[in-house]
Amino acid sequence: MTGMNPLARIVTILAAAAFTPVAFAQSAAQPWLDASLSPDARADLVQAQMTEDEELMLVDGYFGVYPTGRLLKPAPEGIRKDLPGSAGYVRGIPRLGIPALRESDASLGVANGRHMRPGDTATALPSTLAIAASFNPELAYAGGAMIGKEARQKGFNVLLAGGVDLARDPRNGRVFEYVGEDPLLAGVIAGEAIRGTQDQHIISTTKHYALNDQETGRHALSANIADGAARESDLLAFEIAIERGDPGAIMCAYNRVNGVYACENDYLLNKVLKRDWGYRGFVLSDWGAVHSTVDAAINGLDQESAVEFDKEDFFGAALKQALADGKVPQARLHDMAHRILRSMFKNGLFEHPVERVAIEEKADAAVAQRAAEEGIVLLKNEGNLLPLMAHTSSIAVIGGHADLGVLSGGGSSQVIPLGNKPEQELPLGGPVIEIPGYGPQMPGDRMILDPPAPLTAIRAAARGARVVYDDGSEVANAVKLARGCDVAVVFVEQWMREGADLPDLSLSGSQNALIEAVAAANPRTIVVLVTGGPVLMPWLDKVGAVLEAWYPGNRGAGAIANILTGAVNPSGRLPITFPQSESQLPRPVIPGIDIRQPRLQWIGNQILFDVDYTEDANVGYKWFAAQKLTPLFPFGYGLSYTSFDYGGLGATGGATLTVSFDVRNTGQRRGKATAQVYAAPPTADGHGVARLVGWSKLDLRPGETRHVTISVDPRLFASFDSAANVWQVAAGDYAITLGASSADASATANVHINASTIKP
Ligand code: BGC
């Protein structure tokens with residue numbers, strides 16, 4: 001508690017004392033405070049004491065910004081004004097020692113963009129897509145744990161984290177908040193982040209369940225997909241994330257799925273999530289995603305979030321009436337409350353009350369730095385232009401606000417980063433994305449740059465070199481600067497935000513022209529992409545090197561500088577395919593982008609429309625393979641300053657599949673390889689599309705060889721038989737590929753696998 005002012009300390013101590021387990025443990029009247037009992041037993045014990053009104057309090061959530069004065073409705077009773085508000089708030093029940101749920105967004109750090117108090121900054125991790133690019137589950141865990149710790153230190157006990165919607169479209173405005181296009185990679189990385197958060201005694205969600213794969217018309221669209229295809233793609237990502245992370249809560253999505261709103265979708269909530277996957281936590285709604293009382297309650301929603309965002313308070317008086325009328329059984333309310341309490345007990349919310357103290361900036365920034373360094377992907381390195389040689393005497397840094405910071409993505413996940421200064425918040429204007437068919441941007445939307453500045457970091461890392469800067473606004477000035485230097489490093493940005501998709505994948509404004517002109521003046525041009533996701537690169541042949549830095553967060557600048565100078569050997573791999581043009585995508589134009597919709601579903605009549613996922617489970621690289629399309633850069637791709645050899649592939653089949661292989665560092669530097677294994681199931685006329693079934697990230701010294709064995713989860717190469725509701729593994733010869741990306745076949749093998757059936 002060092003660093004707190006005395007008043008804040010007293011408030012914190014009093015607040016903590018009010019929830020101290022010791023105090024309660026002494027009370028035999030509250031046996032549910034005995035942490036040695038199971039979460040279910042504890043929930044049963046406390047529920048035996050609860051009135052119907054108290055159970056109803058747990059299922060009805062509020063917008064959480066009351067302490068800042070931004071009221072949409074009168075503040076609920078009992079809100080703790082000593083703690084900050086954020087996205088959501090569910091009342092506690094002090095007479096039973098039940099703490100309130102204090103919810104904050106959390107994809108990239110503790111989000112505080114909309115409701116921050118002055119100076120209330122948090123450590124900004126790189127975007128979730130960048131973490132996925134690390135292909136490193138340990139980093140995902142560390143990031144989740146760091147955010148969980150900061151959440152607790154800021155006074156939150158629920159993080160609205162764990163976004164795992166698959167990247168069916170690289171233009172999705174939230175693609176940076178998600179974990180890419182492959183269900184295994186997405187599920188593992190999201191699951192580990194959730195586990196990290198929850199180990200800090202903070203409930204994490206996973207979201208947005210399900211198929212919230214575009215922002216355009218997210219309240220109005222129906223994502224239509226065959227059941228089996230959904231189970232093999234988007235739902236598989238959730239299934240894996242839930243198995244690994246066991247999130248206390250699942251957030252159901254805005255959109256409809258096969259015609260039914262996700263938050264009242266019996267198939268998604270009751271049948272798949274709660275029955276087939278045996279999920280015991282609770283389902284909370286996205287903000288403004290509830291459309292009914294009885295249907296939502298019966299079909300699996302357990303808690304309405306932020307009722308102010310819905311047309312009505314569906315789980316307030318209306319639910320009480322539905323219970324009285326017998327339209328919703330009492331047992332269902334009991335089950336909703338049980339699930340919420342169970343997750344609270346399971347994650348230690350009673351034993352570990354939140355406490356507002358200063359965050360540990362240095363330690364947390366170190367986590368952000370490691371994540372940024374492992375997430376950055378080296379896409380091109382002609383003639384080993386990178387790393388910059390020790391004798392590089394002059395560097396022109398150009399564009400992309402590199403003198404201020406690195407861009408971050410907008411929306412509810414927005415973190416106000418450590419070291420934030422108002423001049424780093426760019427008002428909309430400048431390189432803003434025009435979104436056809438969309439109304440004005442959300443009030444308060446702004447582009448936020450995470451400090452420190454890459455320019456400062458490059459100056460510090462490239463000691464001895466003259467480092468000069470031009471903002472790129474006048475191409476002629478940039479060209480002059482580039483011409484007079486050994487190398488030019490051009491920073492370009494692409495801003496993405498929640499609530500709208502990019503109309504296309506081109507860099508906005510005149511950034512492409514800037515790169516072309518600088519590269520023409522100095523062929524030793526390095527492009528640093530600070531983007532939410534893929535962009536088109538019409539200048540690719542003309543530049544020497546390209547780094548995909550994503551939104552690299554609070555330590556992005558240092559990470560970029562370390563990679564440019566070679567202090568860090570790049571090891572990120574693409575978690576998403578980079579197309580050559582939008583025409584290669586399953587939907588060249590985003591469905592519904594031409595429809596002008598009200599922003600919130602209850603403000604006006606939404607014009608309903610369909611998005612048909614006819615590519616089925618062939619998301620991303622699988623679509624490219626099925627269509628025999630060559631992308632600009634394939635899934636899994638990324639270069640290193642060393643080289644690797646992948647070989648010695650062996651595969652054992654039969655009832656299970658085990659793959660083993662060797663990876664050798666054949667270069668001169670220590671570096672990290674990401675060996676990827678793909679399996680293509682047999683079909684009548686050959687093999688189906690190959691799917692990622694495992695990977696291993698290995699840190700290898702020059703000359704070092706490592707032997708790896710991977711036991712493959714059979715669901716990854718099975719198909720889901722929706723009539724029988726089981727996974728079916730077809731008998732036959734499977735084609736196994738080992739390589740450095742989805743498009744690389746360094747080694748191949750065939751293996752016979754027996755038929756089998758797996759119950760979900
Ligand atoms: C977003 C969620 C977020 C919620 C609360 C919604 O608009 O879709 O991801 O958790 O707001 O801020």
Side-chain angles (χ1 to χ4, degrees), residues 61-66 68 70 72 84-90 101-116 122 127-128 147 151 156-165 172-179 190 193-194 197 202-221 223 238 241 247-256 261-263 282-290 301 303-310 409-416 438 441-445 496-501 597-603:
Y62 293 84
F63 195 37
V65 295
Y66 298 97
T68 66
R70 281 185 45 188
L72 294 178
S86 191
Y89 183 82
V90 179
L101 296 179
R102 314 183 52 81
E103 305 167 343
S104 181
D105 278 297
S107 297
L108 292 65
V110 180
N112 37 15
R114 276 185 256 162
H115 344 282
M116 75 180 285
S127 60
T128 317
I147 303 179
F156 302 110
N157 55 13
V158 178
L159 283 181
L160 308 169
V164 74
D165 297 279
N172 175 0
R174 297 184 88 170
V175 83
F176 69 93
E177 283 188 61
Y178 299 138
V179 257
I194 293 163
T197 293
I202 301 290
I203 290 177
S204 174
T205 60
T206 183
K207 67 187 185 183
H208 308 88
Y209 185 69
L211 290 138
N212 186 174
D213 294 343
Q214 67 171 51
E215 288 298 282
T216 302
R218 61 183 179 170
H219 294 283
L221 70 85
F238 275 99
I250 310 285
M251 185 189 293
C252 52
Y254 286 127
N255 51 287
R256 290 170 297 141
Y261 281 112
C263 290
F282 65 104
V283 176
L284 58 79
S285 59
D286 200 345
W287 274 227
V290 186
L301 179 66
Q303 186 182 71
E304 180 181 13
S305 307
V307 298
E308 300 87 340
F309 283 65
D310 290 321
S412 59
S413 69
Q414 181 78 63
V415 175
I416 303 297
Y438 243 90
Q441 309 295 317
M442 286 238 234
D445 261 4
M496 293 180 118
R497 60 181 292 274
E498 177 184 339
D501 300 315
Q597 299 278 9
R599 185 167 286 283
L600 291 174
Q601 46 87 13
W602 48 267
I603 284 181

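We count ligands from 1, going down the list as the structure has it; atoms in each ligand are counted the same way. Keep in mind that what you see is a predicted model, and the values were worked out from it rather than measured.
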- Task: Under the side chain to side chain contact (heavy atoms under 4.5 Å, CB included) rule, collect the residues that match up with Ala122, sequence neighbours excluded.
- Result: Val110, Asn112, Glu150, Lys154, Val415

- For Asp105, take its heavy atoms, then give the atoms of ligand 1 lying under 4.0 Å from any of them. 3 (C), 5 (C), 10 (O), 12 (O)

- Query: Would you say Glu177 touches ligand 1, if touching means a heavy atom closer than 4.0 Å?
  - Reply: no

- Do any heavy atoms of Tyr254 fall under 4.0 Å from ligand 1? yes

- Going by the atom numbers of ligand 1, which of them fall below 4.0 Å from some non-hydrogen atom of Lys207? 2 (C), 3 (C), 9 (O), 10 (O)

- Going by the 4.0 angstrom heavy-atom rule, the piece of Arg174 near ligand 1 is side chain

- Query: Taking atom types as modelled and ignoring hydrogens, do the side chains of Arg218 and His208 form a donor-acceptor contact shorter than 3.5 angstrom?
  - Reply: no

- At under 4.0 Å between heavy atoms, what of Arg218 touches ligand 1? The answer is side chain

- Task: Any chance you could measure Glu177, atom CD, to Ser127, atom OG, to the nearest 0.5 Å?
- Result: 9.5 Å

- Note on the structure: Within 4.0 Å of some non-hydrogen atom of Asp286, the atoms of ligand 1 are 1 (C), 2 (C), 3 (C), 4 (C), 6 (C), 7 (O), 8 (O), 11 (O)

- Message: Can you name the atoms of ligand 1, numbered from 1 with element, that are less than 4.0 Å from a heavy atom of Leu160?
- Response: 10 (O)

- Task: Over all heavy atoms of both residues, which pair between Ile147 and Leu108 is shortest? Give the atoms and the distance, please.
- Result: CD1-C, 4.0 Å

- Are any of the side-chain heavy atoms of Tyr254 and Glu215 separated by less than 4.5 Å? no

- Message: I'd like to check which ligand 1 atoms, numbered from 1 as shown, lie under 4.0 Å from a non-hydrogen atom of Ala87.
- Response: 5 (C), 12 (O)

- With sequence neighbours left out, the residues meeting side chain to side chain contact (heavy atoms under 4.5 Å, CB included) with Ala210 are Leu235, Phe238, Leu268

- Hey, are the side chains of Glu103 and Leu284 touching, using non-hydrogen atoms and a 4.5 Å cut-off? yes

